[in-house]
Every structure is written in structure tokens, then in C-alpha cells.
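The structure appears right after this line, and notes come after that.
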Amino acid sequence: QSGLVKIYRTLQRLEALIGRPESNRDSGRGRVFTGEEEDEFVRQFVAFMDDDMNTAGAVGLIFERVKEINRLMDEGADMPDGDLLKRLDNERSNLLAVADVLGILQADPDEFLDSIASSSDIDVEEVEKLIKERADARAGKDWARADAVRKTLQEIGVVIEDTPQGTKWRRATA
């Protein structure tokens with residue numbers, strides 16, 4: 001589950017940066033592999049599958065690609081240029097195409113991550129209250145209180161991330 005969450009978080013980041021694929025065709029789904037693909041990632045995937053269905057190798061390759069996609073997004077986070085956006089879109093298309101062969105990553109990233117979060121025993125209202133309390137403490141420059149609230153959130157299994165759009169949170173295991 002944690003591996004899928006990592007991949008879906010990457011897909012969610014991609015959607016926030018470059019938008020959703022316009023159609024299944026644009027997402028890479030339903031693509032037929034001939035073994036003569038130009039992309040090295042896709043060629044390696046085909047080689048793993050041709051090697052007696054080496055799914056362990058193929059899944060490992062997917063995780064390597066997810067790591068690379070995250071690195072690209074991190075490096076271009078401030079001002080992604082058109083070339084980077086086009087490359088990320090191509091990377092997503094290839095990732096979804098190979099995942100489709102394995103029958104994974106079929107859900108919408110937001111829906112998948114929401115279903116994971118809703119299956120937890122964390123009290124959402126309490127988390128939101130604590131996040132507001134932390135924001136108020138930070139606004140008042142009460143750093144000790146803000147740190148104490150963050151620690152409390154960690155203890156109940158919540159990870160918070162401060163973003164330009166505000167504080168986001170998720171389950172620690174998700």
C-alpha cells in the first residue's frame with residue numbers, strides 16, 4: 001500500500017503541475033508495445049516482461065522512474081519551462097502505459113489517496129483544529145507552541161506539509 005501511495009502522490013503532483021491527461025489515449029492507457037519503443041524506460045519494461053514475465057524487475061523499474069519524475073519536479077519547481085512540462089507529460093504517459101500492462105494505477109490519484117485517508121481512525125476534525133492552532137501559533141511567532149502542535153500531530157500519525165497553498169496533511173503511513 002505504501003508503494004502505491006508513493007506512486008499516486010507523484011501522479012497527484014504531476015496533475016497539479018501539468019494538469020490531467022485529456023483522454024485515455026493521452027494518458028498512455030491501451031498502448032500496444034512492439035518492442036521497438038524509443039523511450040529507454042519503456043524498452044527496459046518490455047525487456048523485463050519478455051524475460052519470463054519478470055514483474056519484480058518491472059515494478060522496481062517503475063519505482064526508479066517515479067523517483068526520477070519527483071527529482072525532475074523538485075528541480076523545476078520554481079519555474080518549470082515548456083520543455084520540462086512536455087517531458088513530464090511524456091514520462092507520465094509512459095508510466096501509465098506500463099502500469100496498465102500490470103493492471104495497476106487504474107484509479108484517479110485524488111480518489112485513491114482520499115480512500116486511504118478515509119479508511120484511517122484519525123479524527124479529521126481534530127486534525128484540522130490542531131492545524132489551525134499551529135497556524136495561529138506561527139502567525140503569533142510562538143514557535144515553541146507551533147512545534148509542540150506539530151509533534152502532537154506526528155504522535156497521532158499525521159504528517160503535515162507547508163506549501164504555498166497552505167498546510168496539507170496526510171496519514172503518516174500513507
Side-chain angles (χ1 to χ4, degrees), residues 1-22 26-28 41 56 58-96 98-99 102 104-174:
Q1 179 178 344
S2 65
L4 277 174
V5 167
K6 181 177 182 171
I7 297 171
Y8 274 111
R9 285 205 188 288
T10 299
L11 291 173
Q12 192 178 49
R13 283 185 71 195
L14 279 167
E15 285 186 2
L17 188 62
I18 61 178
R20 291 182 182 260
E22 291 181 23
D26 294 336
S27 74
F41 166 68
V59 170
L61 185 66
I62 289 172
F63 280 107
E64 288 175 21
R65 184 50 45 130
V66 167
K67 184 177 179 181
E68 174 67 13
I69 290 170
N70 279 309
R71 186 190 62 75
L72 287 170
M73 285 190 288
D74 291 343
E75 287 178 1
D78 295 334
M79 297 244 338
D81 64 15
D83 289 339
L84 175 62
L85 296 176
K86 185 175 180 180
R87 180 172 177 196
L88 288 170
D89 191 38
N90 187 55
E91 295 287 348
R92 175 179 57 189
S93 178
N94 288 334
L95 178 66
L96 291 174
V98 300
L102 297 174
I104 60 173
L105 305 179
Q106 303 295 311
D108 174 78
D110 292 332
E111 290 173 11
F112 176 84
L113 294 169
D114 287 347
S115 73
I116 296 295
S118 68
S119 68
S120 99
D121 57 353
I122 292 174
D123 182 351
V124 175
E125 288 181 27
E126 179 67 17
V127 170
E128 296 292 339
K129 182 178 141 224
L130 287 168
I131 288 174
K132 179 166 180 3
E133 183 179 332
R134 179 176 170 269
D136 292 343
R138 290 179 66 181
K141 300 190 190 260
D142 185 353
W143 307 118
R145 181 66 193 140
D147 289 344
V149 172
R150 177 185 283 271
K151 186 175 180 188
T152 300
L153 287 164
Q154 287 174 335
E155 289 169 357
I156 63 172
V158 172
V159 174
I160 57 174
E161 300 168 353
D162 295 313
T163 70
Q165 294 79 29
T167 301
K168 310 256 187 222
W169 70 276
R170 61 181 168 85
R171 287 181 48 213
T173 59

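Below, each value reflects all heavy atoms present in this structure, side chains not excepted, and no hydrogens, waters or symmetry copies.
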Quick one: does [X]'s side chain get under 4.5 Å of [Y]'s, heavy atoms only?
X      : Y      : result
Leu153 : Trp169 : no
Val158 : Glu126 : no
Trp143 : Arg138 : yes

Is the closest basic N to carboxylate O distance between [X] and [Y] below 4.0 Å?
X      : Y      : value
Arg65  : Glu68  : no
Glu15  : Arg92  : no
Glu128 : Lys132 : no

Atom [atom1] of [X] and atom [atom2] of [Y]: how far apart are they, to the nearest 0.5 Å?
X      : Y      : atom1 : atom2 : answer
Leu84  : Asp89  : CG    : CG    : 11.0 Å
Ile69  : Leu95  : CD1   : CG    : 5.0 Å
Phe41  : Ile62  : CZ    : CD1   : 5.5 Å
Ile160 : Leu130 : CD1   : CG    : 9.5 Å
Ile18  : Met73  : CD1   : CE    : 8.5 Å
Leu11  : Asp108 : CG    : CG    : 9.5 Å

Legend entry - Leu4 vs Leu105, side chain to side chain contact (heavy atoms under 4.5 Å, CB included): CA-CA, chis, key distance, verdict: CA-CA 8 Å; Leu4 277 174; Leu105 305 179; 4.0 Å; yes
Legend entry - Over all atoms of both residues, closest heavy-atom pair of Ala137 and Ala146: CB-N, 3.8 Å
Legend entry - Candidate pair Lys129 and Glu125, rule salt bridge (Lys or Arg N to Asp or Glu O under 4.0 Å), full reasoning: CA-CA 6 Å; Lys129 182 178 141 224; Glu125 288 181 27; over 6 Å; no
Legend entry - Whether over 12 other heavy atoms sit under 6.0 Å from Glu155 CD: yes
Inset, instruction - Might you work through the side chain to side chain contact (heavy atoms under 4.5 Å, CB included) test for Asp110 and Tyr8, ending with a clear yes or no? - result: CA-CA 8 Å; Asp110 292 332; Tyr8 274 111; over 6 Å; no
Inset, instruction - Go through the steps to decide whether Asn70 and Val66 satisfy the test side chain to side chain contact (heavy atoms under 4.5 Å, CB included), and finish with yes or no. - result: CA-CA 6 Å; Asn70 279 309; Val66 167; 3.7 Å; yes
Legend entry - Residue from Asp162, Thr152, Asp142 passing side chain to side chain contact (heavy atoms under 4.5 Å, CB included) with Arg134: Asp162
